[in-house]
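Values in this document were obtained by computation on a predicted structure and should not be read as measured data. Counting convention: from 1, in listed order, for ligands and their atoms alike. For the single chain, residues carry numbers from 1 onward in sequence order.
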Amino acid sequence: VTLLTVAEILKPSIKNGWAVGAYDVPDISVAQGILDAAVADEAPVILMIYPAFVPTEYYKTYVSFIKEEIQRSGAKAAIALDHGSNIAEINAAIGAGFTGVMIDASKEPFDKNIETTKTVVDAAHAYGISVEAELGQVGLGSDILPEDQMKSLYTKVIDSKQFVDRTGVDSLAVAIGTAHGLYKFEPKLDFERLQQLRAELEIALVLHGSSGTPNDQLAQAVKFGINKINVYTDIRMKVLESIREKVMADPIEMYDIPDLMAITRKDTKTVVQEKNILFGSTGKSKLYK
Ligand SMILES: [Zn+2]
C-alpha cells in the first residue's frame, strides 16, 4: 500500500523526533515535484488540497490524479484537506477519497470548536478518514500584533487535553508562534509551551506557517515533538523567482507552458528535498508496510 491515511503516515513519527512534510498542491506539477522528492529520499509525504485553490466540485478530479501519481511513483503518501472551514468542504473531501481532513474552527469559542470538530470526527471516522483540528490560532505573517495579543492566541496547554479527549481528533495544529504566508516579523517559537503540549498529549502535533521560520527553530520544533509541518509559501516563492528570472531574461517566445510546469516540478522537488532533511523524514518510508 502506498496511499495511507494521515493518522497512519504520522504514527511512526510521534515522540520519535521527526516530522512529515505536508504540502499544498495548487496544480499537477507541484504534486509531481512533491512525489519526485518523496521517491528520491524515500520519505513519506502528505499532499494537501487547500479550498482557496481548488473548488469543491474539482476535489474528485484532483484526488483521482493524485492517487494515480502516488501509485505510479510508489511513494508513501496521504491526501489531506487543508483548513476545511465548513461541512460542505469536509463532505466533498470525504466523498472524493481524501485520507485526512482538517477542520479549522479555531476562531470559534472553545466549546463551539469542540462541537464542530466532534461532528467532523464522527463523519470522517465512519469512513476511516483522519481528522486534524486547530486549537489556539495560527494567524497571518502579515499581521503584526502586540506580543501579549499574539500570545493570547497561542494554544493553551490546560485546554488541549480536554479538547483532544472530547473530540477524538487524530492530530492537533498548535499555535506556538508561527504564522501563515510571508512574515512581516521575526517568528520566535514558544518551545516551553511545545514541550508541555507534547508531554500532555499522545496524538500527532502539527505546525502551520513554517515557511520563513528560521531552520534552526523548525529543527528544534521537530526535536520537541512536532510531527506534521505544513509548507506552501517556500514552494510558491521559489517557483515564482525561477520563472521571473528565466522569462524576464530571455525572449518570451522561447517559453511554452510545459516549460513553466517543468520549472514548477523541479523547484518543488528541490524545496521538498530540503524539508525532508530538515524534518528528518529522509529514509523513513521503510517504516511503512
Ligand atoms: Zn495552515
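Ile90 CD1 to Ile94 CD1: the interatomic distance, rounded to the nearest 0.5 Å, is 6.5 Å.
Taking the six-membered ring for Trp and the full ring otherwise, the centers of Phe53 and Tyr58 sit at least 6.0 Å from each other. Aromatic ring centroids of Tyr59 and Phe98 lie under 6.0 Å apart.
Excluding waters, the protein N/O/S atoms found under 2.8 Å from the Zn ion (ligand 1) are His83 NE2, His180 NE2, His208 ND1.
A single hydrophobic cluster is seen to contain both Val231 and Val54, as judged by linkage of ILVMFWY side chains at heavy-atom distances under 4.5 Å, directly or through other members.
Among residue pairs with one or both ends in residues 185-196, those qualifying as side chain to side chain donor-acceptor pair (under 3.5 Å) are Asp190-Arg193; sequence neighbours excluded.
Ring planes of His180 and His208: perpendicular class, angle over 60° (limits at 30 and 60°).
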